[in-house]
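Notes to accompany the following structure.
Since the structure is predicted, the reported quantities are computational estimates derived from the model, not experimental observations. Start at 1 and go down the list; that is how both ligands and their atoms are numbered. We use all heavy atoms of the structure for the numbers below, so side chains are in, but hydrogens, waters and symmetry mates are not.
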Amino acid sequence: MEHVSRRDAIKSTGLLAAAAAMGTWSSPARARPVRTRSVRVAHLTDLHIQPERRADSGVAACLRHVQEHKDAPELLLLGGDLIMDAFEADDARTRTQWDLFTRTFENECRIRTEPCLGNHDIWGINKSKSRTTGNEPGWGKKRAMDLLRMERPYRSFDFGGWHFVVLDSVTPQGNAYIGKLDNEQWEWLEGDLAGTRLPVAVLSHIPILAATQLVIQPNKDSKKREISDSLMMTDAPRFVETFAKHPHVKLCLSGHIHQIDRVEFQGVTYLCNGAVSGNWWKGRYKMCDEGYAMLDLHADGTFESSYVKYGWKAEE
Ligand SMILES: [Zn+2]
């Protein structure tokens, strides 16, 4: 993937230097500002690693593709649903999937990785199907957090001149879950956003805002359109309100619905970046091929993003 903004930046820097050398540079203040790239980041979501359908080879191929770019990213954001499913899986099956995940990343990934949790990474919430009681060590989010070395399921960090917020967007409810932050996380988020002046990118598994689901979901009742509480954050209005108070929030990245979706609203861009696994390793899912997003984030809060297919051929 050719990188336009950086090439342009280098070119114009060269021109400015040449102009200065020739004594024709009248005033630095009047020169066109050069927008330099702060950091290149890859966003891989919905990996759904499992022993079947060569999913581990697929993830390995994707990681190689990411790292083989001439201008490779410096940070890898993982958008959750790292394994096929622990929500309804027993202990042995859950362990097998995490072993595969750990091995694949140990063998293939040389870049700093920052993960968030997806619904399928949470163990045993459906107790009858997973044959769990809820008292097992590692039940719920614990096992994934331990394996991924996460002290809390949500956190933030600064990297390359941006502030990254990693959310825990999945709230278990009964045998299922909804998209929502609890009060403690909301309080933390508001404090965290107030504590930085850097441009902010938010990472969540479930999209805060996404339009595609109105198209991909069957619309049985023409008088009423509904979006499931598990497909988009139920507290989306509060996010919009909160971000309005913090205009340095520029970008929200998500996965979950395995579609490529871009919503611009109130100065924030919401990108849902497809799925590494496409149709859960069965090929293309509706309008989405197996792929990942490559993003260039600039110091002034602007960015470019593109969805990159890594050429995976699903097992017949
Ligand atoms: Zn998924």
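- Salt bridge Glu114/Arg155: present, at least one basic N to carboxylate O contact under 4.0 Å.
- A chain of hydrophobic side-chain contacts below 4.5 Å, direct or via other Ile, Leu, Val, Met, Phe, Trp or Tyr residues, connects Ile206 to Trp186.
- When distances to the Zn ion (ligand 1) are checked against a cut-off of 2.8 Å, His120 contributes no N, O or S atom below that limit.
- Per residue Asp46, closest N, O or S atom to the Zn ion (ligand 1): atom name OD2.
- Counting backbone and side-chain atoms alike, His258 contributes an N/O/S atom closer than 2.8 Å to the Zn ion (ligand 1).
- Looking at every heavy atom in both residues, Gly124 comes nearest to Ser130 through CA-OG, 3.3 Å.
- For the Zn ion (ligand 1), the nearest N, O or S atom contributed by Asp81 is named OD2.
- Nearest approach of Arg238 to Glu190, heavy atoms of both residues: NH2-OE2, 3.4 Å.
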